[in-house]
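Comments concern the structure below.
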Amino acid sequence: MIQILAPILILVLMGVVLGRLRFLGSAFQEDLNKLVFWIALPALLFRSVVHAEHPGTQTYPLLALLVVATLVVAGLGWGLSVLLRLPVRSRGTFSQSAFRANLAYIGIPVLAYAFEGQPRQKEIFGTVVIVVAFLMILYNVLAVIVLSIGHQAEKPVRTAVRSILTNPLLLSGVAGLPFAYGGFGIPLFLDRVLESLGAVSVPVALLCIGGSLAHARLGSQLGGIFAASLLKTFAVPAIVFWGAPTFGLAGADLRIALVLAACPTAAASYVMARQMKGDAVLASGSIVVTTVLSGISIPLALWLSS
């Protein structure tokens, strides 16, 4: 577990140091954030969907349970942000931090380790990739909605619809679906370009997260950060665990669902919050705290599904 979580925390710490040294300035961070949001993360998501393999028979009940848990926690997150009297601008960020999981860089590696050498490994990973691809699309739709409502409460519907239709993360995920289900391939040179772009997305985002924390005043944000972090790392897995029998999940499928639910907040939540004028400090703080807490939640998920 430490081999997966430690690099994330080290990259954030590097960003803090570089920010303190003024090596990573705010204008440079803004440019990097645009690069990740408009190019690198869409490349990662498109390629992930294109390379999705044929899933197992319980894939869609598993996906349905995770969708339900995500929607419930998104709603709980928004309601709790109101009860905590967070500024309107921070409510969408709080909700997103509570539901958006780091599936690609923590969930998939943890599951690769958990199922290593098992007879159904290929089928299991077909399930994992399909579920992750659809959840990423859902995360982007929900994130745009809650951040749009939080940013421009006076025109939430119009703003949300426009943002969804022009969001590069959502469009890249949808664009990959015909390739995944139609059996179409992409040229090898293009695949390598997308792989290279996708590979830089998370490290650059984590450095920017650290840079945003370098001079942030977290005192007034700690309550929101910890509340969102507890929702993400413990409330989502609890909903999945209790709902699993209703959706007929057990064994490997239960393990997949619990591990994905227990993952920390994704670095993309910071990218999205900053790009859509949300609360970048709340987003970055939640990523750091949930990454630390996932050292408890993910082993617990593996134990409960053993």
Side-chain angles (χ1 to χ4, degrees), residues 34-71 74 96 99-109 111-112 120-148 160-202 205 247 253 256-257 260 263 266-269 271-272 275-276:
K34 290 178 181 177
L35 174 67
V36 172
F37 181 76
W38 288 101
I39 298 176
L41 275 175
L44 171 66
L45 183 54
F46 176 79
R47 187 173 183 273
S48 298
V49 175
V50 167
H51 286 281
E53 297 187 20
H54 295 294
T57 56
Q58 287 295 96
T59 296
Y60 297 104
L62 193 165
L63 176 60
L65 175 57
L66 288 170
V67 168
V68 169
T70 299
L71 294 174
Q96 183 191 206
F99 71 73
R100 187 169 196 152
N102 191 337
L103 305 180
Y105 283 85
I106 292 185
I108 289 178
L111 289 170
R120 293 177 55 227
Q121 186 174 4
K122 187 172 182 180
E123 177 186 313
I124 288 169
F125 269 87
T127 294
V128 171
V129 172
I130 287 292
V131 168
V132 166
F134 276 100
L135 284 177
M136 284 182 175
I137 294 172
L138 173 65
Y139 289 163
N140 287 310
V141 172
L142 277 180
V144 170
I145 291 172
V146 297
L147 289 167
S148 296
V161 170
R162 184 173 63 249
S163 298
I164 289 171
L165 294 178
T166 59
N167 184 273
L169 303 181
L170 173 61
L171 294 176
S172 61
V174 173
L177 292 176
F179 292 88
Y181 284 94
F184 305 113
I186 57 175
L188 180 59
F189 74 89
L190 179 58
D191 186 62
R192 288 176 174 172
V193 170
L194 294 171
E195 182 180 20
S196 298
L197 288 171
V200 306
S201 60
V202 172
F247 286 79
D253 298 303
I256 293 169
L260 294 181
C263 288
S269 65
V271 176
M272 185 79 86
Q275 193 67 29
M276 296 189 64

Just how far is it from atom [atom1] of [X] to atom [atom2] of [Y], taken to the nearest 0.5 Å?
{"X": "Gln275", "Y": "Trp38", "atom1": "CD", "atom2": "CH2", "result": "6.5 Å"}
{"X": "Leu194", "Y": "Leu44", "atom1": "CG", "atom2": "CG", "result": "10.0 Å"}
{"X": "Leu35", "Y": "Ser201", "atom1": "CG", "atom2": "OG", "result": "9.5 Å"}
{"X": "Leu65", "Y": "Gln58", "atom1": "CG", "atom2": "CD", "result": "11.0 Å"}
{"X": "Leu197", "Y": "Leu41", "atom1": "CG", "atom2": "CG", "result": "10.5 Å"}
{"X": "Asp191", "Y": "Arg47", "atom1": "CG", "atom2": "CZ", "result": "4.0 Å"}

Do [X] and [Y] have side-chain heavy atoms sitting under 4.5 Å apart?
{"X": "Val67", "Y": "Leu138", "result": "yes"}
{"X": "Thr70", "Y": "Arg100", "result": "no"}
{"X": "Ile39", "Y": "Lys34", "result": "no"}
{"X": "Val131", "Y": "Tyr60", "result": "no"}

For [X] and [Y], which heavy atoms make the closest approach, and how far apart are they?
{"X": "Ile256", "Y": "Leu111", "result": "CA-CD2, 3.9 Å"}
{"X": "Val174", "Y": "Ile137", "result": "N-CD1, 4.1 Å"}
{"X": "Leu260", "Y": "Gly107", "result": "CD2-CA, 4.0 Å"}
{"X": "Ala74", "Y": "Leu142", "result": "CB-CD1, 4.2 Å"}
{"X": "Cys263", "Y": "Ala101", "result": "CB-CB, 4.0 Å"}

Exercise for the section: For Phe247, check ring-ring contact (aromatic ring centres under 6.0 Å, His included) against everything at least two apart and list the hits. Expected result: none
Practice task
Any salt bridge (charged side-chain N to carboxylate O under 4.0 Å, His left out) involving residues 176-186? Give me the pairs, sequence neighbours left out, ordered by first then second residue.
Solution key: none
Exercise for the section: Please work out which of the three classes, parallel, tilted or perpendicular, describes the rings of Phe179 and Phe46, given edges at 30° and 60°. Expected result: perpendicular
